[in-house]
Chemist: 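Structure provided below as structure tokens; questions to follow.
Predicted model only: the values in this text are computed from it and were never measured.
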Amino acid sequence: MSRSVLFHVQYLLGIGHLQRSLRIANALARKGIEVTLVCGGPPVAELMADPSIRVVQLPPVRARDARFELIDDAGRPLDDRFRASRRADLLAAFDAAQPDAVIIEGFPFARRAFRFELDPLIEAVHAAASRPRLICSVRDIVVMRDDPARHRETVERVRREFDAVLVHGDPRLIPFDASFPMASQIADRLIYTGYVWEAHLTLPVAGATGPLPLPPKGRRGQFAAAPPDHSLSSSWG
């Protein structure tokens with residue numbers, strides 16, 4: 001029986017979050033895992049997704065500017081009808097996928113403005129007869145207000161609702177507690193994956209005659225930094 005994953009990603013100003021999530025989704029697809037990628041930002045032309053990935057486009061939301069006022073594709077503020085439409089589409093994608101795992105990019109460390117759809121998704125995960133694993137995918141540096149109450153709420157949600165937090169970084173370079181002070185309280189949930197990138201991509205260097213050297217063996221956009229018994233696949237048993 002094949003494994004399946006539903007991956008929710010919301011991007012607001014650029015497509016960095018989408019690019020990282022897409023590379024993870026592509027890596028999962030190459031492993032034979034069925035992936036449903038749910039995109040909440042504006043559609044991206046020529047999305048470089050593995051042909052096997054089912055891409056579900058929610059009614060798009062973007063930020064008007066760096067103040068992060070949320071607007072729809074026509075530049076209008078979000079209203080209850082719009083939120084209900086997105087929520088229904090997301091839950092329909094979950095029902096159709098019947099996934100073994102649900103990955104949510106950023107939340108609950110970020111994307112709190114999307115609780116109107118993510119809270120119902122999390123409730124559906126926990127109510128499922130065969131409960132999927134619930135996983136947060138987050139970069140190594142999170143941007144949050146320096147608010148102890150907010151940090152405590154995030155810890156409580158992780159401990160109550162999430163099976164794992166994939167931190168896309170290396171603790172030898174930037175430990176998660178450098179930006180999230182209460183990381184020690186969710187240490188049993190944290191899995192450092194290493195940095196996510198495409199092995200074939202190279203950067204030009206002034207005066208260089210060839211591409212930059214590749215990182216150490218294994219650090220090629222896969223979940224390589226975590227010990228084998230903490231890998232995503234082993235968490236499924």
Side-chain angles (χ1 to χ4, degrees), residues 6-14 16-18 20-21 24 38 40-41 58 61-72 77-80 82-84 86-87 90-91 94 101-128 131-193 195-196 225-226 230 235:
L6 182 138
F7 201 135
H8 176 285
V9 56
Q10 176 65 55
Y11 42 100
L12 295 172
L13 283 176
H17 293 277
L18 173 62
R20 181 174 58 249
S21 299
I24 296 170
V38 182
L58 299 180
V61 172
R62 60 186 174 90
R64 186 185 300 277
D65 51 34
R67 293 174 297 177
F68 285 94
E69 176 191 356
L70 300 183
I71 55 176
D72 66 15
L78 310 189
D79 58 23
D80 289 343
F82 182 89
R83 294 186 182 93
R86 276 187 54 121
R87 182 166 54 243
L90 176 57
L91 293 177
F94 173 74
V102 171
I103 304 176
I104 302 177
E105 200 279 330
F107 190 80
F109 301 93
R111 301 296 183 258
R112 288 164 55 88
F114 292 86
R115 285 177 291 183
F116 66 87
E117 66 188 27
L118 295 177
D119 282 347
L121 174 62
I122 292 169
E123 290 172 7
V125 167
H126 284 273
R131 186 178 83 79
R133 299 295 178 94
L134 184 59
I135 300 166
C136 168
S137 166
V138 67
R139 65 183 186 178
D140 55 348
I141 300 175
V142 294
V143 180
M144 299 178 66
R145 289 199 313 269
D146 186 14
D147 180 352
R150 167 86 175 272
H151 294 164
R152 285 193 298 271
E153 178 190 349
T154 302
V155 165
E156 289 168 2
R157 292 208 66 159
V158 169
R159 298 205 62 83
R160 183 175 67 248
E161 297 170 344
F162 287 79
D163 297 291
V165 176
L166 302 180
V167 180
H168 303 304
D170 189 326
R172 294 171 297 181
L173 181 62
I174 304 175
F176 197 51
D177 60 10
S179 59
F180 186 66
M182 298 182 72
S184 63
Q185 297 190 28
I186 54 172
D188 60 330
R189 301 291 201 279
L190 300 183
I191 300 173
Y192 288 90
T193 68
Y195 291 95
V196 178
H230 286 160
S235 71

Chemist: Heavy atoms, side chains only, cut-off 4.5 Å: are I186 and F180 in contact?
Modeler: yes
Chemist: As a quick check of understanding, evaluate side-chain contact (heavy atoms from CB on, under 4.5 Å) for R133 and I103, giving each step before the final call.
Modeler: CA-CA 8 Å; R133 299 295 178 94; I103 304 176; over 6 Å; no
Chemist: Answer whether the closest heavy-atom distance between the side chains of F82 and V61 falls below 4.5 Å.
Modeler: yes
Chemist: Go through E161 and H126 one step at a time and tell me if the side-chain contact (heavy atoms from CB on, under 4.5 Å) criterion holds.
Modeler: CA-CA 8 Å; E161 297 170 344; H126 284 273; 3.9 Å; yes
Chemist: Would you indicate whether the side-chain heavy atoms of C136 and V158 approach each other to under 4.5 Å?
Modeler: no
Chemist: In terms of side-chain geometry, is the basic nitrogen of R87 or D119 positioned less than 4.0 Å from the acidic oxygen of its partner?
Modeler: no
Chemist: Please check if the side chain of R150 supplies one atom and the backbone of D147 the other of a donor-acceptor pair under 3.5 Å.
Modeler: no
Chemist: How long is the gap from CZ on F94 to CG on L121, to the nearest 0.5 Å?
Modeler: 6.5 Å
Chemist: Please tell me if the side chains of E105 and I24 come closer than 4.5 Å, counting only heavy atoms from C-beta onward.
Modeler: no
Chemist: Quick one: NE2 on H17 to CZ on R139, what's the gap to the nearest 0.5 Å?
Modeler: 5.0 Å
Chemist: Salt bridge check: are R111 and E117 linked by an N-O gap of less than 4.0 Å?
Modeler: no
Chemist: Less than 4.0 Å between a side-chain N and a carboxylate O, is that true for R62 and D72?
Modeler: no
Chemist: Just wondering, do V142 and F176 contact through their side chains at under 4.5 Å, heavy atoms?
Modeler: yes
Chemist: Give, for atom CD of Q10 and atom CG of L58, the distance between the pair rounded to the nearest 0.5 Å.
Modeler: 7.5 Å
Chemist: For the pair R83 (side chain) and F116 (backbone), establish whether a donor and an acceptor sit closer than 3.5 Å, ignoring hydrogens and angles.
Modeler: no
Chemist: Just say parallel, tilted or perpendicular for the rings of F107 and F162, cut-offs at 30° and 60°.
Modeler: tilted
Chemist: Within the structure provided, determine whether L134 and I122 are in side-chain contact (heavy-atom separation under 4.5 Å).
Modeler: yes
Chemist: Does the pair Y195 and D140 meet the rule for a side chain to side chain donor-acceptor pair (under 3.5 Å), with working shown?
Modeler: CA-CA 9 Å; Y195 291 95; D140 55 348; 2.7 Å; yes
